[in-house]
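A short worksheet on the structure shown next.
Here the structure is a predicted model, which is why all the values come from computation and not from measurement. Each chain gets a letter, A, B and so on, in the order its sequence line appears, and its residues count up from 1. Values below: every heavy atom of this structure, side chains too, minus hydrogens, waters and symmetry copies.
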Amino acid sequence: MTNPFSAIYQDTINLQKEIAKKVVTNDNILLKKQINYVCGVDVSYKKDIAYCSAVIIKKRSLKSIQYVNTIYPVTQPYIPGLFMLREAAPIIDTLKLLKSPYDALLIDGHGQLHPRRCGLACYLGVVLDKPTIGIAKSLLCGVQRKDQFIEIEGEILGFRITKESKQGSLCEHWAQIEFTISNST
DNA sequence: GCGACAG
DNA sequence: ATCTTGTCGC
């Protein structure tokens, strides 16, 4: 590519395809291993500054164990499908600051529910080798079935949780964690 | 070609 | 994501 910008994007697309192959979808990891501590992370923006926060909580008590806040200059634009280009690096750097251990990661973005089966959550999960759940507030691709599962090309890759959702199915392992679903219709 | 499009 | 007025639903 002669255009340096499209080259970066193409490199990221290729990386996503490789990372997608390494995603472990077998939930035995989550089913067999006790998940006692969970880490949640998110990034907000003001002008061209990114504010990243990560917090570890004890799942059973929801008590906060440790949190870290970081600030970075924004280096990449937001491009649907290439979200990891914008948030992966700041998140990884922020998570490195945590001293307390955690068993699972909660990410504000899609996981396998992605055009190349590699959303931000998949990328982080593979790179950090940590059980990860992608939690997005709106759909990037795929279709929602009446039973709330979301599928792409006939493959079930996600599940929609609303405030009306009852525990069970995919939610049961996380039923003790109460989410606040915003911007959800 | 046109529209849709995580945060 | 952020900004930001009016509007719909409980």
**Strand DNA chain C as a dot-bracket string - pairs counted if Watson-Crick or G-U with both distances under 3.5 Å, | where the partner lies in another strand** = ..........

To the nearest Å, how far apart are [X] [atom1] and [N] [atom2]?
X      : N     : atom1 : atom2 : value
A/D48  : C/dC3 : CG    : C1'   : 15 Å
A/Q76  : B/dA6 : CD    : P     : 18 Å
A/I91  : C/dA1 : CD1   : C1'   : 13 Å
A/I79  : B/dA4 : CD1   : C1'   : 15 Å
A/Q112 : B/dA6 : CD    : C1'   : 15 Å
A/I150 : B/dA6 : CD1   : C1'   : 12 Å
A/K46  : C/dT2 : NZ    : P     : 10 Å
A/I49  : C/dA1 : CD1   : P     : 18 Å

**Request:** Please check the phosphate of B/dA6 (OP1 and OP2 only) for any side-chain N or O of A/K137 closer than 4.0 Å.
**Result:** no

**Message:** B/dG7, OP1 or OP2 - any side-chain N/O from A/S138 closer than 4.0 Å?
**Reply:** yes

So, [X] side chain and [Y] main chain: donor-acceptor pair closer than 3.5 Å or not?
X      : Y      : value
A/H110 : A/A121 : no
A/R86  : A/Q76  : yes
A/D103 : A/N36  : yes

**Item:** Chi angles and distances behind the side chain to side chain donor-acceptor pair (under 3.5 Å) call for A/R116, A/Q16
**Value:** CA-CA 7 Å; A/R116 289 169 290 280; A/Q16 289 177 330; 2.6 Å; yes

**Request:** Find out whether the Lys NZ or Arg CZ of A/K130 is both under 6.0 angstrom from the six-membered ring centre of A/Y102 and within 45° of the ring's axis.
**Result:**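 Output yes; distance and angle both within limits.
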
Touch check for [X], heavy atoms < 4.0 angstrom, all strands: base, sugar-phosphate only, or nothing?
X      : value
A/L139 : sugar-phosphate
A/L82  : base
A/G134 : nothing

**Asked** For A/Y67, does the OH atom have more than 12 heavy-atom neighbours from other residues, nucleotides or ligands under 6.0 Å away?
**Response** no

**Asked** Which nucleotide sits closest to the side chain of A/L140: B/dG7, C/dA1, B/dC5?
**Response** B/dC5

**Message:** Counting only side-chain heavy atoms from C-beta out, which of B/dG7, C/dA1, B/dA6 sits nearest to A/Y45?
**Reply:**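 So the nucleotide nearest the side chain must be C/dA1.
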
**Message:** Looking at A/D108 and A/K137, is there a salt bridge between them, counting it only when a charged N and a carboxylate O are closer than 4.0 Å?
**Reply:**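 Looking at A/D108 together with A/K137, the answer is yes, because their closest N to O distance falls below 4.0 Å.
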
**Message:** For A/R160 and A/Q144, which I'm curious about, is there any donor-acceptor pair between the side chains at under 3.5 Å?
**Reply:**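 Yes, A/Q144 and A/R160 have a side-chain donor paired with an acceptor closer than 3.5 Å.
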
**Of residues 83-90 of chain A, the positions that come close to DNA chain B - non-hydrogen atoms, cut-off under 4.0 Å** = A/F83

**Prompt:** Hey, does A/F149 have a side-chain heavy atom less than 4.5 Å from the side chain of A/V143?
**Reply:** no

**Item:** Side-chain heavy-atom pair A/I92, A/V127 within 4.5 angstrom cut-off
**Value:** yes

